[in-house]
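Encoded as structure tokens, the structure appears first; notes follow it.
Since this is a predicted model, take the numbers as computed values, not measurements. Reminder, nothing fancy here: chain letters follow the sequence lines and each chain counts from 1.
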Amino acid sequence: MPEIAEVETVARGLRPLAGRRILAVRFGKTDFIDQPDRIETLLPGSRVIEVRRHGKMLLFRMEPAVPSPNPAMAPIWLIVHLGMTGQLVLHEAARPAAPHTHVWFTLDDGRELRYTDIRRFGHMRIASPEELTTLVAPLGADPLELTVAELRRRLGTRHARVKALLLDQHVLRGLGNIYADESLWRARLHPMRQGSDLSEEEMGRLWRAIRSVVSEAIRLGGTSISDYVDALGRRGGYQKRLRVYRRHGRRCARCSATIERVIVAGRGTHFCPRCQPAPRPARASRHSRAASAKKRLHPAPRLR
DNA sequence: AAGATTACCTGAAGGC
DNA sequence: TGCCTTCAGGTAATCT
């Protein structure tokens with residue numbers, strides 16, 4: 001699943017495209033593409049100036065084929081989000097395309113950049129500099145540029161569960177389910193803890209955990225569980241370092257308790273029940289206090 | 001109105 | 001063997 005480390009690895013692999021020209025664009029299915037006609041009009045003949053990552057987005061800064069009369073319109077940005085199963089891989093043009101390939105960019109060096117996406121949760125569009133600014137504005141801090149103060153500022157006032165906050169791209173941009181679970185394990189924090197409930201010391205642990213998990217995952221080229229490969233089709237190595245993600249029923253590497261799996265924020269959430277102690281139940285509302293008082297007086301009959 | 005839940009999509013895996 | 005159901009999770013829309 002492409003999260004920050006996978007997208008960063010793909011971006012690094014595509015950086016040598018700077019200077020290359022796109023000669024032609026061809027589409028398969030386009031239901032995940034915004035204004036495919038605009039892409040077909042603007043990209044052929046354009047040149048790659050720069051490739052960068054922003055959160056989970058890949059940004060290609062392109063020099064238009066025909067200089068625009070309006071200088072504010074140049075450059076144009078090609079934005080690619082890999083979603084769940086998206087792949088952006090360089091191939092020799094002669095190679096047959098993999099199934100579910102939906103976009104072909106013909107390059108001026110005999111190669112093609114191909115976008116393949118089984119589930120089509122990905123997204124692709126063209127943006128002007130102004131449109132890019134608007135798209136990027138609501139996103140949170142980059143986990144690699146994060147400071148403890150910034151993390152405290154963004155989590156400290158929030159009553160949502162810390163797992164949900166880590167997944168929220170408006171809080172931090174780039175974390176997904178794998179690195180959220182792995183960071184919480186390393187920080188020894190239960191995923192259901194409230195953001196506002198974290199102590200100064202716990203905030204520091206979480207900050208260090210996020211940075212070390214993400215930077216090691218990037219160093220190893222990302223996590224390949226099912227689909228993910230980099231720009232040259234190579235798998236990552238961080239799947240060997242996972243401590244909780246999809247390891248429920250197995251032993252915790254730190255304390256040997258059994259890893260559990262629950263649903264938090266609608267996502268499979270993996271944690272060690274011993275290393276990551278459960279939060280004290282939140283102060284009950286008037287309604288649920290009354291309900292539990294009633295339960296103590298009149299316990300529901302046990303089934304079976 | 002923040003926080004929680006659900007829909008979208010396809011293939012793999014498990015149950016019987 | 002084969003059909004059916006469930007599960008995976010990126011984000012946006014919808015609920016409470």
Of the listed nucleotides ([options]), which one gets closest to any side-chain atom of [X]?
X	options	result
Gln169(A)	dT11(C), dG10(C), dG3(B)	dT11(C)
Ala160(A)	dG10(C), dC7(C), dG3(B)	dG3(B)
Ile118(A)	dG10(C), dA4(B), dG11(B)	dG11(B)
Arg158(A)	dA8(C), dA4(B), dG3(B)	dG3(B)

Open item on the list: Tell me if the aromatic rings of Tyr228(A) and Tyr238(A) count as close, with their centers under 6.0 Å from one another.
Closed with: no
Open item on the list: Can you confirm whether or not the ring centre of His102(A) sits under 6.0 Å from the ring centre of Phe27(A)?
Closed with: no
Under 4.0 Å between any heavy atoms, over every strand shown, what does [X] touch: base, sugar-phosphate, or nothing? Just pick one.
X	value
Arg120(A)	sugar-phosphate
His100(A)	sugar-phosphate
Gly268(A)	sugar-phosphate

- [ ] Ignoring hydrogens and angles, state whether a donor on the side chain of Tyr179(A) or Asp181(A) is under 3.5 Å from an acceptor on the partner side chain.
- [x] no
Open item on the list: Would you say Arg186(A) and Ser212(A) are linked by a side-chain donor-acceptor pair, where the criterion is simply a distance under 3.5 Å?
Closed with: yes
- [ ] Considering just the side-chain nitrogens and oxygens of Lys29(A), establish if one lies under 4.0 Å of OP1 or OP2 belonging to dC9(B).
- [x] no
Open item on the list: Is there a side-chain contact between Arg267(A) and the phosphate of dA8(C), meaning an N or O under 4.0 Å from OP1 or OP2?
Closed with: no
Task: His170(A) vs Tyr245(A), nearer the 5' end of DNA chain C by closest nucleotide - done: Tyr245(A)
Interatomic distance, [X] [atom1] vs [N] [atom2] [rounded to whole Å]:
X	N	atom1	atom2	answer
Met57(A)	dT11(C)	CE	C1'	12 Å
Leu167(A)	dT5(B)	CG	C1'	14 Å
Leu135(A)	dT11(C)	CG	C1'	13 Å

Open item on the list: Can you tell me if Arg251(A) has over 12 outside heavy atoms packed within less than 6.0 Å of its CZ?
Closed with: no
Open item on the list: With a 3.5 Å cut-off and heavy atoms only, can you find an N or O donor on one side and an acceptor on the other between the side chain of Arg119(A) and the base of dA8(C)?
Closed with: yes
